[in-house]
Amino acid sequence: MNEEIREFLASRRANITPEQAGVPTGNSERRVPGLRREEVATLAGVSADYYTKLERGKVASASDSVLESIARALQLDDAERTHLFDLFRPNVSGIRAAESAPTGLRESLRRMLDSMTVPALAYNALQDIVGTNLLGRAMFAPLFDSDRPNFSRFSFLDPRAREFFGDWELACSLNAAMLRYAVGRNPLAPELAALIGELSTLSPAFRAHWAAQDVHEHRTGRKLFHHPEVGDLEADYDVLDVPGEPGISITSYTAPAGSATTEKFALLASWAASQNLTAIPRADAVR
């Protein structure tokens, strides 16, 4: 993990300017785009030598208070802070590494998805879609041409993604950042390593976004999709973790009553019926 620690901390230093950190610069010439190591050390209240060793991954362990101080100095958001702790606590995260990513949903969760009147889907840390209701299946129809629908593979490897996502570059950035967050949670997971290796080999866009070292935990926001059958869908999304199902998240998509998107959700339902679409999961995912 030494290289991961070095690259992550160096990238976060580069992302924050002295002005943002409140560090006086005077008239001295700067050779780095963001903060220097010694400036981060001062802000965090540790010695420059210690911070340099820590950034290079040469510190065997770091206390929670030190990591908290570094997170504050680098102005990390919640996902970045969690990732920092994961990098320095690999044994804790690694407990979950031997577990395969869930590929299906229990019956009660399938019924819950079916009962929802808005598009909803469930996915795992690999971004495999492991369950949907009928509207979710219809909304993300292009992804289901694959035997194993996956947001990351679709985003980076399917040329239709550029049209489907209202902001394809942002979708790619978020997908790569979500995968890096997942790796921090489960650094030894072979399925994640295989997916990242596949995307790195096949997609220059993924290699560029992966090199940015960004991390992201998907929670809530608004997205625009260009659906091939019903046109533009501008929907708010909310992500829920599932108690008792580690590694599974459920996302619902809603829009204000009377909006164009709500009307198009009704069109989606009619289109899904006309195409004899069915909700997911696959037969082998039922348990």
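Residues Arg106 and Ser108 have side chains that bring a donor and an acceptor to within less than 3.5 angstrom of each other. Side-chain atoms of Thr262 and Ser259 form a donor-acceptor pair, as typed in the model, at a separation below 3.5 Å.
A continuous path of ILVMFWY side-chain contacts below 4.5 Å connects Val215 to Ile16, so both sit in one hydrophobic cluster. Under the 4.5 Å side-chain heavy-atom criterion for ILVMFWY residues, a single connected hydrophobic cluster contains both Met178 and Phe225.
The ring pair (Phe, Tyr, Trp, His ring centres under 6.0 Å) search around Phe151 returns Phe140, not counting sequence neighbours. With sequence neighbours excluded, the residues that form a ring pair (Phe, Tyr, Trp, His ring centres under 6.0 Å) with His83 are Phe8. Annotation: side-chain hydrogen bond (donor to acceptor under 3.5 Å, both in side chains) contacts of Glu234 (sequence neighbours excluded): none.
Note: Leu224 CG to Asp167 CG = 9.0 Å, rounded to the nearest 0.5 Å. Atom CG of Asn150 is separated from atom CZ of Phe156 by 10.5 Å, given to the nearest 0.5 angstrom. The distance from the CD atom of Glu55 to the NZ atom of Lys53 is 14.5 Å, given to the nearest 0.5 Å. Rounded to the nearest 0.5 Å, atoms CG (Leu76) and OG1 (Thr82) are 10.0 Å apart. To the nearest 0.5 Å, the span separating NE2 on His218 from OG on Ser249 amounts to 10.0 Å. We find the CG-CD distance between Leu174 and Glu169 to be 11.0 Å, quoted to the nearest 0.5 Å.
Electrostatic pairing of Asp238 and Arg219 does not count as a salt bridge here, judged by no charged N lying under 4.0 Å from a carboxylate O. A salt bridge is absent between Glu7 and Arg180: the closest approach of a Lys/Arg side-chain nitrogen to an acidic carboxylate oxygen does not fall below 4.0 angstrom.
Here the side chain of Thr220 pairs a donor or acceptor atom with the backbone of Tyr237 at under 3.5 angstrom. Of the possible donor and acceptor atoms, one in the side chain of Asn175 sits under 3.5 Å from a partner among the backbone N and O of Ala171. A donor-acceptor contact shorter than 3.5 Å is absent between the side chain of Arg185 and the backbone of Asp86. Within the 3.5 Å criterion, the main-chain N or O of Val239 finds no donor-acceptor partner in the side chain of Thr251. Formation of a donor-acceptor pair under 3.5 Å by the Asp77 side chain with backbone atoms of Glu80 is found in this model. Looking only at distances, no side-chain donor or acceptor of Glu163 sits under 3.5 Å from a matching main-chain atom of Pro228. The backbone N or O of Val118 sits less than 3.5 Å from a side-chain atom of Asn133, completing a donor-acceptor pair. Here the side chain of Arg13 pairs a donor or acceptor atom with the backbone of Leu35 at under 3.5 angstrom. At least one donor-acceptor pair under 3.5 Å links the side chain of Ser115 to the backbone N or O of Met112. At distances below 3.5 Å, at least one donor-acceptor pair connects side-chain atoms of Glu39 with backbone N or O atoms of Arg36.
When side chains are defined from C-beta on, Arg56 does not count as touching Asn2, because their heavy atoms never get closer than 4.5 Å. Side-chain contact check for Leu268 versus Leu233: some heavy-atom pair is nearer than 4.5 Å. Within the 4.5 Å cutoff, no side-chain heavy atoms of Leu54 are placed close to those of Val46. Side-chain contact between Asp145 and Arg160 is present, with at least one heavy-atom pair separated by less than 4.5 Å. Annotation: side chain of His209 is not in contact with side chain of Asp214 (no heavy-atom distance under 4.5 Å). Ile250 is listed as a side-chain neighbour of Val242, based on a closest heavy-atom distance under 4.5 Å. Side-chain atoms of Ile70 and Leu9, non-hydrogen and from C-beta on, do get closer than 4.5 Å to each other. Put simply, the side chain of Thr261 reaches to within 4.5 Å of the side chain of Phe265, judged on heavy atoms.
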Apply the test salt bridge (Lys or Arg N to Asp or Glu O under 4.0 Å) to residues Arg110 and Asp114: give CA-CA distance (whole Å), side-chain angles for both, the deciding distance (0.1 Å), then the verdict.
CA-CA 6 Å; Arg110 294 176 59 207; Asp114 288 340; 5.8 Å; no
Take Gln213 and Arg12, measure what side chain to side chain contact (heavy atoms under 4.5 Å, CB included) needs, and give me the verdict at the end.
CA-CA 8 Å; Gln213 293 284 324; Arg12 299 311 91 180; 3.8 Å; yes
Give the intermediate values and the outcome of salt bridge (Lys or Arg N to Asp or Glu O under 4.0 Å) for residues Glu229 and Lys264.
CA-CA 10 Å; Glu229 298 297 330; Lys264 289 181 180 180; over 6 Å; no
For a side chain to side chain contact (heavy atoms under 4.5 Å, CB included) check, start with the C-alpha distance between Arg137 and Phe144, then their side-chain angles and the critical distance, and finish with the verdict.
CA-CA 8 Å; Arg137 168 71 174 80; Phe144 290 94; 3.7 Å; yes
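In terms of heavy atoms, Asn186 sits closest to Leu192 at O-CD1, 4.2 Å. Residues Ser69 and Ala44 share a closest heavy-atom pair of CB-O, 3.3 Å. A pairwise comparison of heavy atoms in Leu135 and Ala269 identifies CD2-N, 3.8 Å as the closest pair. Between His227 and Ala138, the closest heavy-atom pair is NE2-O, 2.8 Å. Summarising the geometry of Leu67 relative to Phe88, their closest heavy-atom pair is CD2-CD1, 3.8 Å, with the distance given to 0.1 Å. Looking at every heavy atom in both residues, Leu277 comes nearest to Leu134 through O-CD1, 3.3 Å.
Within 6.0 Å of atom CG in Asp78, 12 or fewer heavy atoms from other residues, nucleotides or ligands are found, so the atom counts as exposed in its surroundings. Under a cut-off of 6.0 angstrom, the local environment of CZ in Arg162 is sparse, with at most 12 non-hydrogen atoms contributed by other residues, nucleotides or ligands.
Counting only residues at least two apart or in different chains, ring pair (Phe, Tyr, Trp, His ring centres under 6.0 Å) contacts with residues 42-62 are absent. Residue pairs that meet the salt bridge (Lys or Arg N to Asp or Glu O under 4.0 Å) test with at least one member in residues 65-75, sequence neighbours left out, are Glu68-Arg81.
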Taking distance alone, no hydrogens or angles, what donor-acceptor pairs closer than 3.5 Å link side-chain atoms of residues 194-206 to residues at least two apart or in another chain?
from, atom 1, to, atom 2, distance (Å)
Glu198, OE1, Arg153, NE, 3.1
Glu198, OE1, Arg153, NH2, 3.0
Glu198, OE2, Arg153, NE, 3.1
Ser200, OG, Ile196, O, 2.8
Thr201, OG1, Gly197, O, 2.8
Ser203, OG, Ala205, N, 3.4
Ser203, OG, Phe206, N, 3.0

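The aromatic rings of Phe154 and Phe164 sit perpendicular to each other, their planes meeting at more than 60°, with 30° as the lower class boundary.
Here His226 and Phe165 keep their ring centres 6.0 angstrom or further from each other.
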